[in-house]
Amino acid sequence: MLLIDGKKISTDIKDELKVRVEELKSKGIEITLAVIQVGNDPASSVYVGNKKKACAYIGINSLAYELEESTTQEELLELIAKLNADSKVNGILVQLPLPSHINEKSIINAIDPMKDVDGFHPVSVGNLSIGQPGFLSCTPAGIVQLLKRSGVEIAGKECVVIGRSNIVGKPISLLMLRENATVTIAHSKTKDLKEVAKRADILIVAVGKPMFINSEYVKEGAVVIDVGIHRKEDGKLCGDVDFEDVKEHVSAITPVPGGVGPMTIAMLMKNCVDSIEIAEANNA
Ligand code: GUN
């Protein structure tokens with residue numbers, strides 16, 4: 001059984017990006033990411049801190065906007081408009097969730113698609129679905145990298161994705177299709193989920209329920225990617241997959257923590273670096 005090491009793979013990607021950023025700097029090109037946080041949700045503060053640290057490691061400039069919880073939607077839209085117009089800013093990231101008085105969709109839609117490094121804008125999702133260059137949402141892009149860099153062949157394989165969220169389930173399904181897998185999307189209304197899941201050579205689980213998937217859902221020798229992260233009562237972290245129950249039956253699996261999690265920030269950094277080429281491709 002291969003334990004897919006997201007920590008090592010994400011570090012490799014960040015080190016490769018560092019080299020690309022140095023090359024761009026030698027041509028006089030700097031990359032700047034604007035990170036906006038509204039309010040001070042503790043989990044968001046940790047994520048934002050990690051994003052700033054990753055920028056510093058790779059050599060990307062980061063501009064931090066830490067706004068009061070009481071910030072209005074209009075004020076946030078004004079800041080986004082200013083950053084959209086600023087040619088020195090390559091990427092804009094608004095940390096989610098936003099306070100309930102702000103409409104998330106309006107904010108995502110206001111970001112210039114050429115600066116949408118989260119890959120959440122409808123233009124980015126549309127580009128992904130028709131195979132045009134554009135920003136890929138970070139967690140799905142990270143999953144493909146985990147598979148490829150662990151030597152898992154995707155083309156022609158049966159891939160079952162459990163979960164259909166806009167952030168993970170839908171985009172990972174499109175990406176696996178682009179990689180020539182045969183893709184099934186299962187969800188809470190799927191009948192005979194165990195039977196459907198057991199078809200998978202590659203099973204991607206993004207249901208948001210702790211230890212939901214046990215060995216009854218897994219074909220012998222399958223590759224299992226666990227997108228979930230939850231804190232158990234004993235304080236330890238677990239995923240959507242019951243790791244201990246499943247591990248003897250798989251050929252490869254991601255641990256939680258240390259699997260998919262570290263990849264999200266690495267791929268955000270990749271989107272920031274790719275922003276130069278994506279802008280060029282769209283201006284061509
Ligand atoms: N909140 C949790 N995950 C994410 C993410 O990937 N991007 C943003 N902007 N907010 C998040």
Side-chain angles (χ1 to χ4, degrees), residues 6 10 13-14 32-55 60 62-67 69 71 73 76-77 79-80 83-84 89-100 102-125 128 134-146 163-172 174-175 204 206-208 225-231 237 239-240 254 256-257 259-275:
S10 65
I13 290 173
K14 284 190 273 188
T32 300
L33 171 66
V35 180
I36 305 172
Q37 183 181 357
V38 185
N40 38 26
D41 171 65
S44 290
S45 299
V46 172
Y47 290 135
V48 166
N50 288 339
K51 288 170 188 179
K52 285 192 262 185
K53 256 189 251 164
C55 283
I60 293 173
S62 64
L63 301 174
Y65 294 88
E66 280 146 24
L67 309 181
E69 177 89 18
T71 302
Q73 179 158 321
L76 184 52
L77 287 170
L79 173 60
I80 291 171
L83 296 169
N84 281 343
V89 172
N90 305 90
I92 302 171
L93 181 142
V94 180
Q95 187 65 29
L96 304 176
L98 288 165
S100 56
I102 299 179
N103 181 279
E104 242 165 52
K105 198 167 91 183
S106 308
I107 298 303
I108 290 170
N109 288 358
I111 295 171
D112 179 343
M114 289 302 105
K115 301 189 179 190
D116 174 39
V117 284
D118 256 330
F120 293 164
H121 193 285
V123 168
S124 302
V125 181
L128 165 62
F135 292 108
L136 300 176
S137 67
C138 303
T139 301
I143 292 170
V144 172
Q145 287 300 313
L146 284 177
R164 53 174 159 179
S165 70
N166 289 338
I167 293 186
V168 182
K170 278 182 209 156
I172 189 61
L174 289 166
L175 264 180
I204 301 177
V207 290
I225 302 290
D226 186 351
V227 183
I229 186 154
H230 313 275
R231 197 169 289 281
L237 296 171
D240 290 349
T254 56
V256 176
V260 174
M263 296 301 291
T264 302
I265 290 185
M267 300 317 286
L268 171 69
M269 295 297 109
K270 182 170 184 300
N271 274 347
C272 292
V273 179
D274 285 348
S275 67

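Numbering of residues begins at 1 and proceeds along the displayed sequence. For ligands, and for the atoms within them, numbers begin at 1 and follow the listed sequence.
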Contact (N/O only, under 3.5 Å) between V94 and ligand 1: yes

Heavy-atom nearest neighbour in the protein, as seen from atom 6 (O) of ligand 1, with distance rounded to 0.1 Å: D118 OD1, 3.8 Å

Protein heavy atom at shortest distance from atom 4 (C) of ligand 1: Q95 NE2, 4.2 Å

Non-neighbouring partners of D274 that pass salt bridge (Lys or Arg N to Asp or Glu O under 4.0 Å), sequence neighbours left out: R20, K270

Working for side-chain contact (heavy atoms from CB on, under 4.5 Å), residues L77 and Q73: CA-CA 6 Å; L77 287 170; Q73 179 158 321; 3.9 Å; yes

D112 versus H121, side-chain donor and acceptor atoms under 3.5 Å: no

Residue pairs involving residues 45-55 (criterion salt bridge (Lys or Arg N to Asp or Glu O under 4.0 Å); sequence neighbours excluded): K52-E66

Under-4.0 Å heavy-atom contact with ligand 1, by part of L96 that carries it: both

